[in-house]
Q: 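Here it is, the structure, as structure tokens.
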Number of protein chains: 2
Amino acid sequence: MLTDIARIRRFNRAVTTEVGALDDSFLGRGRPLGVARVLNAIGQSGSAGRELGEVRDFLQLDSGLLSRILRTLEEEGLVLTAPHPDDGRKRLARLTAKGQGEFAAYESLSDGHAARLLGGHPRPQSLLDAMDLIASALGRNRIEISQADPRDEASLYCLTEYYSELARRFDQGFDVTLSADPDAASMRAPCGTFLLAWSDGLPLGCVGLKGNGGTVGEIKRMWIAPSARGLGLAKRLMGAVESAARALSMNTLRLDTNSALPEAVALYRNSGWHEIPRFNNDPYPDHFFEKAL
Amino acid sequence: MLTDIARIRRFNRAVTTEVGALDDSFLGRGRPLGVARVLNAIGQSGSAGRELGEVRDFLQLDSGLLSRILRTLEEEGLVLTAPHPDDGRKRLARLTAKGQGEFAAYESLSDGHAARLLGGHPRPQSLLDAMDLIASALGRNRIEISQADPRDEASLYCLTEYYSELARRFDQGFDVTLSADPDAASMRAPCGTFLLAWSDGLPLGCVGLKGNGGTVGEIKRMWIAPSARGLGLAKRLMGAVESAARALSMNTLRLDTNSALPEAVALYRNSGWHEIPRFNNDPYPDHFFEKAL
DNA sequence: CATGGTGCCTGACTATGGTCAGCTATCTGT
DNA sequence: ACAGATAGCTGACCATAGTCAGGCACCATG
């Protein structure tokens, strides 16, 4: 039978072959895979250097093995290690100029690979969306939530996606400048906060907490990337933003939303929020919620 | 910047981790990966046995290495090898009953993995579609065209998809029983043929050639899976079916189509077909083409 | 029936990844 | 100051994968 499982197998085979090919291209620079992986792990962290423990966790390497690989890289003149300034037991590894060159060479191998794949496809955007969906499905446990500035690039990316989704879903369209606080100024420390959900370097969702120093906060701009919907990320983000609110000594949260976003309305109803009368003059919302912390 | 390349990288990382996890689960049965892979390669070919050369090509193994792995499997009582009946130099490997048990255990590990992935996702159909799209993009060079019976399961799968796509795209819907030759009887040897495009066990497209023993043939039921569109597969299928027509001593091909399928009309116009007057009473088509071979 | 080619096997060897015990230096808490 | 924990290093060891030359049996040709 042409089961779903056959389709997954085909995917696995295609991807395994592809990953193998990528590994082979990594071997093209005359270095064993393990060494190349360590070089890349160190290179990813920029010039600040990276703690060895971090590298070990990231690559799942044994301490002894990493140590030996580092010696190899040091002998090649690609990596320097130095004691950690705050903790003499730890060491930091960083790339030398030569190491940065090698790192860049690996990067461009892998980028070229990606560009070739995209360039050869008739619908690159669908391909990327498909990749996002699969990466989210496979990596759902590795999504991390962290604080950010709403003016950061990743935040702006999420907000732009959010606004354009609102524009698509609201009958009357959406213009952020008509909404209160369009530049998110009050979603920063010390009064508020802004959270991003990250998955392997790609932001998958955001939520803002607007405060004025008092005990009442307002949740704004909650958005989840389409590829990550249904994985429980909205609940996690809401939980995280409630914790942040408590940490800012708030005891009441409010939010507004629109019935054109039924999944959001349902989420609020199912997680302890209750409807209250309109509390602002924003033209878009038609539902208003409050929650006691 | 949040480039497309960052998204591909994230996909690569997610998938590499996943493939690693799959490999780990393969190691769960106390056998090294290479041995497990050979066991699976032999098991896939059913009870007939598989030529060692085939296994070597499939797994990209060195002859010596395969030989040793086979000895391991024989010692474990999982595999039997015997000389090839037609060529004493070759050998055939097949699973013993115990080997089939182990093979089934590996299969169910991998199926369980797949089922868990699908079951844990809110939109399994989107996930499968995304996998198809990616597998087609990665494996575009490995698509093979072969002859089939239109009553085979894979053919029926393609035809069903084809009919339901027509039903979606035609304003008036589509009912195959209103069309001439609904059961594809004349698309089989010796007068006609039916071709399938295969990618790693999944049929991605089909085309029928209807003949009556004369020099005029008719192309019917050309369909390409959505995930494989734009990769040039339609051109390949048309080329293959034209060769098949020549082999059946045909010198003229005809076909009908509908302006609701503009990509098909464009393909015919761009590959040597010219429009002719209606040549049947089929209720659906509104364009008719002919090509001299 | 000789010749060269093919498929498979064996033995010898290497590289890579990975494990583990034990060591030193350093930090943390009391 | 001291005990115990922690981070990293080293040496010794092992398993797996992979390479290569040479050999044997068999096949296809003339």
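Protein chains get the first letters and strands the later ones, always in sequence-line order, with residue 1 at the start of each. Note that the structure is a prediction, hence the values are computed from the model and not measured.
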Q: Given C:dC9, D:dA17, D:dT10, identify the nucleotide with an atom nearest to the side chain of A:Ser67.
A: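 It is D:dT10.
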Q: Against the six-membered ring of A:Phe58, is A:Arg50 placed for a cation-pi contact (under 6.0 Å from the centre, within 45° of the normal)?
A: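 Yes, A:Arg50 sits over the ring of A:Phe58.
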Q: Over all strands shown, is B:Arg56 touching base, sugar-phosphate only, or nothing at heavy-atom distances under 4.0 angstrom?
A: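 Sugar-phosphate contact only.
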Q: Counting heavy atoms not belonging to A:Glu144, are there more than 12 under 6.0 Å from its CD?
A: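 12 or below, so no.
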Q: Would you mind telling me which residue lines up with the more 5' stretch of DNA chain C, B:Gly64 or A:Pro32, judged by nearest nucleotide?
A: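 The residue closer to the strand's 5' end, by nearest nucleotide, is B:Gly64.
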Q: Atom CZ of A:Arg71 to atom C1' of D:dG11: distance rounded to whole Å?
A: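 The distance from CZ of A:Arg71 to C1' of D:dG11 comes to 14 Å, rounded to the nearest Å.
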Q: Under 4.0 Å between any heavy atoms, over every strand shown, what does A:Leu33 touch: base, sugar-phosphate, or nothing? Just pick one.
A: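 Here A:Leu33 touches the backbone only, sparing every base.
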Q: Once you round it to whole Å, what is the distance between P of D:dA7 and CG of A:Leu52?
A: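 Answer to the nearest Å: 11 Å.
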Q: In whole Å, I'd like the distance from the CG atom of A:Leu92 to the C1' atom of D:dC9.
A: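 Answer to the nearest Å: 17 Å.
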Q: Give the rounded distance in Å between these two atoms: CG of B:Leu66 and C1' of D:dT16.
A: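 To the nearest whole Å, that distance equals 15 Å.
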Q: Looking at the side chain of B:Leu65, which of C:dC8, D:dG18, C:dG18 is the nearest nucleotide?
A: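 The closest nucleotide is D:dG18.
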Q: Can you tell me the distance, in whole Å, between the CG atom of B:Leu59 and the C1' atom of D:dG18?
A: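 Atom-to-atom, B:Leu59 to D:dG18, this comes out as 14 Å.
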Q: Quick one: label A:Arg68 by what it contacts on the DNA or RNA (base, sugar-phosphate, nothing), any heavy atom closer than 4.0 Å.
A: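 Answer is base: heavy atoms of A:Arg68 come under 4.0 Å of a base.
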Q: Are the charged groups of B:Arg91 and B:Glu51 less than 4.0 angstrom apart, N to O?
A: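 No, B:Arg91 and B:Glu51 are not salt-bridged.
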Q: Could you check whether B:Arg116 pairs with B:Asp111 (Lys NZ or Arg NE/NH1/NH2 to Asp/Glu carboxylate O, under 4.0 Å)?
A: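 No, B:Arg116 and B:Asp111 are not salt-bridged.
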Q: Enumerate the residues from residues 82-91 of chain B whose closest heavy atom to DNA chain C is under 4.0 Å, giving them by residue number; use none for an empty result.
A: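 Nucleic-acid contacts, sorted: B:Arg89, B:Lys90, B:Arg91.
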Q: So, are B:Arg31 and B:Glu102 salt-bridged, with charged N and O less than 4.0 Å apart?
A: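 A salt bridge is present here (some side-chain N lies under 4.0 Å from a carboxylate O).
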Q: Can you check the A:Asp62 CG to C:dT16 P distance for me, whole Å?
A: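 From A:Asp62 CG to C:dT16 P: 18 Å.
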